[in-house]
Amino acid sequence: MIELSLNNVGKFYGANKVLEDITFEAKTGEKIAIVGRNGTGKTTIFKIIAGIEDYNGGVLSIRKGASVGYLDQIPDYPDHYKVNDVLNLAFEKQYEIKEQMRELENQMSCTDAEKLDSIMNKYGKLQNMFEHMGGYEIEERISKICTGLKISEEFKNRAFNNLSGGEKTTVILGKILLQNPDILLLDEPSNHLDIDSVEWLEEFLNEYKGTSLIISHDRYFLDKVVTKIVEVEDKATSIYLGNYTYYVAEKKRRLDEQFKLYQNQQKKIKAMEDAIKRFRDWGTRADNEDMFVKARSMQKRIDKMDKVDKPIMERKKIQLDFNIQDRSGKEVINVERLKKAFGDNLILEDLDLHVKYGEKVVILGKNGCGKSTLLKILLNEYEADEGNVKIGSRVKIGYLDQNIHFENQEQTVLEAFREKFNIPIGEARGILARFLFYSEDVYKKVSTLSGGEKSRLKLCQLMYQDINLLILDEPTNHLDIDSREMLEESLSEFKGTILFISHDRYFINKIAERVTEIKNRKLVSYSGNYDYYRRKKEEELLKNEKLEQSKKEKKNKVRKDISKKSTDNNKAQAKAIEKLEQEIENIEELINNKNIEMEKNACDHEKLSEIYNEKEKLEEKLNQLMEEWAEYNC
């Protein structure tokens, strides 16, 4: 079933046409990525679908009754709202029905028989509606989403308005996932999530029954989730039926094919134009009108041709070439037994890190585990509580923070760059152009730059410093895919040492030669890229599962052995008790017989004395047997 379709949808901002021919459809259950460079209008398409913005021309159709969930901006909530209150807003309708049911329950307890049937009928309808809307599964769904997004019980009780931007975004994402809309619009959903949460989100979306449209620069995420790519380029869309890796290969194939068609057509047009010249030349020489008629006819054929556009084989990308004039010593970073706490909150303990010249090392770990803290200790922004931190000889550090900040926000791009490097304006503009700052862009104020533009400017400054150690904290944040790929190429060729933090698994695979993970406040090292790290983690998990299974089997065996012994003991005990009871019964019968004999021989004193002695012995035996029986049954 088609949930959503756009046909030739266009969009103007004033006189500027930003979208011209947006055409695609989304079927039930499809997972679709909207890709394109920053500024091509991807988010605008989402806002049009969500009804936040109008469109100019074309047709937008959404299935009647289909609900749309879209994270656009952080809503304003009252100051008393906690995270839990925001999450529960996903179930407003269910809670309204539950309240109506509670009112009817109160009415049932104090109404007469005539009205009871009517109330029961209403109650039954509301109950069916509540069940159909998943009212009885609310707690289970909240638990599932909160576990996946690392929203703890403590976090749920925090005031929403006191959270950071990233934390608020995570909570709103959780709320939207809880709403379970028919059409889910996710704009950079993996931002602000650690890798564990991103991988959980991948599984969630793969199992999601509704339709998902996703804008993301996370290529690994797109490969795992989407089965269809809608590329936005030159104000129009192209469709690719596959994941991101398929899209890259197929786009290249299409461009190559289009370029061949273009070349062949241009050869044909060139041959026809040469023929037209000859016909005109012959017509002039021979004063032959037929030659001019043929020339005009051929020109009409050229004019009527469906021209193949020359494809743009290579779009403009940032050009990086990091400058290394002096390599560092072999030992670049040595950290031993590092400890760091903020108040009572212990972040790092007994942590070791050794990085040699030329290594490319990534630091992984859950949000809040101390990755950025470790980098800031290396940069002398924080002081370690215990341990040794040593930066090697001749090490020159270039640092890219995930929260990019420029001291003077009122400077222009050109001024901010030239402040770092005393070079002529013309040369500075040439350098900035390599980072896609063209013509008037260099006069933009730093305060007006987007996140991606700030990243490009900071990378531009880094590139022209004499550095041999790059420390990067989330370097791909705000960069579009083209810029990420260019950064990957440049860092792959960088001759110095790289230590970086990233949640971009595709980027990690391209750059990292060693993966380190902060776990339980210490650092664990894996000699390989992200895929190697994942394999090793899975092997460790499997090994631990087998170990746990082995322990469980041993425990079960011990239990069975104990149970068997207990069962065997119980059987033996039961037999012993049964034998005792039989002996007791026999002795009691013998004693009873002796009593009868004593009555018969009451006048024979000798015989009576003999029987009495026998009876006493039997009673002693009976007492012993009764004591044994009591021991078994205590």
Side-chain angles (χ1 to χ4, degrees), residues 98 101-102 104-114 116-117 119-121 123-124 126-128 130-132 134-144 146-147 152-153 520 538-634:
K98 191 174 184 178
M101 288 168 64
R102 192 175 286 116
L104 290 175
E105 286 168 2
N106 293 333
Q107 291 178 28
M108 286 179 203
S109 61
C110 57
T111 190
D112 53 42
E114 292 180 6
L116 187 60
D117 285 345
I119 294 172
M120 289 287 287
N121 188 37
Y123 188 86
L126 287 174
Q127 192 174 38
N128 288 337
F130 187 72
E131 184 176 1
H132 178 72
Y136 295 109
E137 302 159 9
I138 288 175
E139 291 304 318
E140 182 185 342
R141 285 168 63 186
I142 289 176
S143 176
K144 179 182 176 182
C146 288
T147 300
S152 64
E153 288 300 319
N520 299 325
E538 286 165 8
E539 287 171 11
E540 287 174 15
L541 184 62
L542 189 62
K543 186 178 178 181
N544 289 336
E545 285 176 353
K546 284 181 178 178
L547 189 62
E548 287 299 317
Q549 184 65 28
S550 176
K551 287 180 182 176
K552 192 175 180 182
E553 287 172 359
K554 284 180 182 177
K555 284 181 182 178
N556 288 338
K557 189 175 183 303
V558 170
R559 285 197 192 101
K560 284 179 182 178
D561 290 343
I562 293 170
S563 177
K564 187 175 184 300
K565 285 180 182 177
S566 177
T567 302
D568 292 343
N569 290 338
N570 288 340
K571 285 180 180 178
Q573 186 175 326
K575 282 183 179 180
I577 291 171
E578 187 180 349
K579 185 179 178 183
L580 273 173
E581 289 174 345
Q582 186 62 49
E583 285 185 42
I584 289 168
E585 192 176 323
N586 292 338
I587 296 294
E588 285 176 339
E589 189 175 344
L590 288 172
I591 291 171
N592 190 46
N593 289 338
K594 294 298 177 185
N595 286 331
I596 293 170
E597 285 183 43
M598 286 174 71
E599 287 177 7
K600 287 180 180 179
N601 296 285
C603 298
D604 188 343
H605 293 289
E606 288 184 9
K607 185 70 175 175
L608 186 64
S609 177
E610 181 185 341
I611 295 170
Y612 182 78
N613 289 334
E614 290 174 355
K615 179 187 172 186
E616 275 193 331
K617 289 179 181 178
L618 288 171
E619 285 177 340
E620 284 178 15
K621 180 68 174 174
L622 178 63
N623 287 334
Q624 288 176 3
L625 292 173
M626 289 298 289
E627 285 177 7
E628 286 182 40
W629 183 89
E631 286 178 7
Y632 276 119
N633 286 279
C634 284

Is the side chain of Thr147 donor-acceptor paired with the backbone N or O of Ser143 at a distance under 3.5 Å, no angle test?
yes
In Å and rounded to the nearest 0.5 Å, what is the CD to CD distance from Glu588 to Glu583?
12.0 Å
Considering all heavy atoms, the nearest Leu618-Ile587 contact
O-CG2, 3.3 Å
Atom pair CG (Leu625) and NZ (Lys579), whose distance is rounded to the nearest 0.5 Å
10.5 Å
Count the heavy atoms of every other residue, nucleotide or ligand shown that sit under 6.0 Å from CG of Asn544, and state whether that count exceeds 12.
yes
Kindly write out the residues that satisfy side-chain hydrogen bond (donor to acceptor under 3.5 Å, both in side chains) with Glu153, not counting sequence neighbours, or none if the list is empty.
Lys156
State which residues pass side-chain contact (heavy atoms from CB on, under 4.5 Å) with Met120; sequence neighbours excluded, sorted by chain then number.
Met108, Leu116
Hey, what do you get for CG (Leu126) to CG (Leu104), rounding to the nearest 0.5 Å?
6.0 Å
I'd like to check Leu547 versus Lys543 (side-chain heavy atoms, cut-off strictly below 4.5 Å). Are they in contact?
no
Please enumerate all residues that pass side-chain hydrogen bond (donor to acceptor under 3.5 Å, both in side chains) together with Glu619, with sequence neighbours excluded.
none
Do you know the tightest heavy-atom contact between Tyr123 and Met101?
CE1-O, 3.4 Å
Without hydrogens or angle criteria, can the side chains of Tyr136 and Glu131 be said to hold a donor-acceptor pair below 3.5 Å?
no
More than 12 heavy atoms of other residues, nucleotides or ligands under 6.0 Å from NZ of Lys615: is that the case?
yes
Please round to the nearest 0.5 Å and tell me the distance separating atom CG of Leu541 and atom CD of Glu538.
8.0 Å
Atom CD in Glu616, atom CD1 in Ile591: separation rounded to 0.5 Å?
11.0 Å
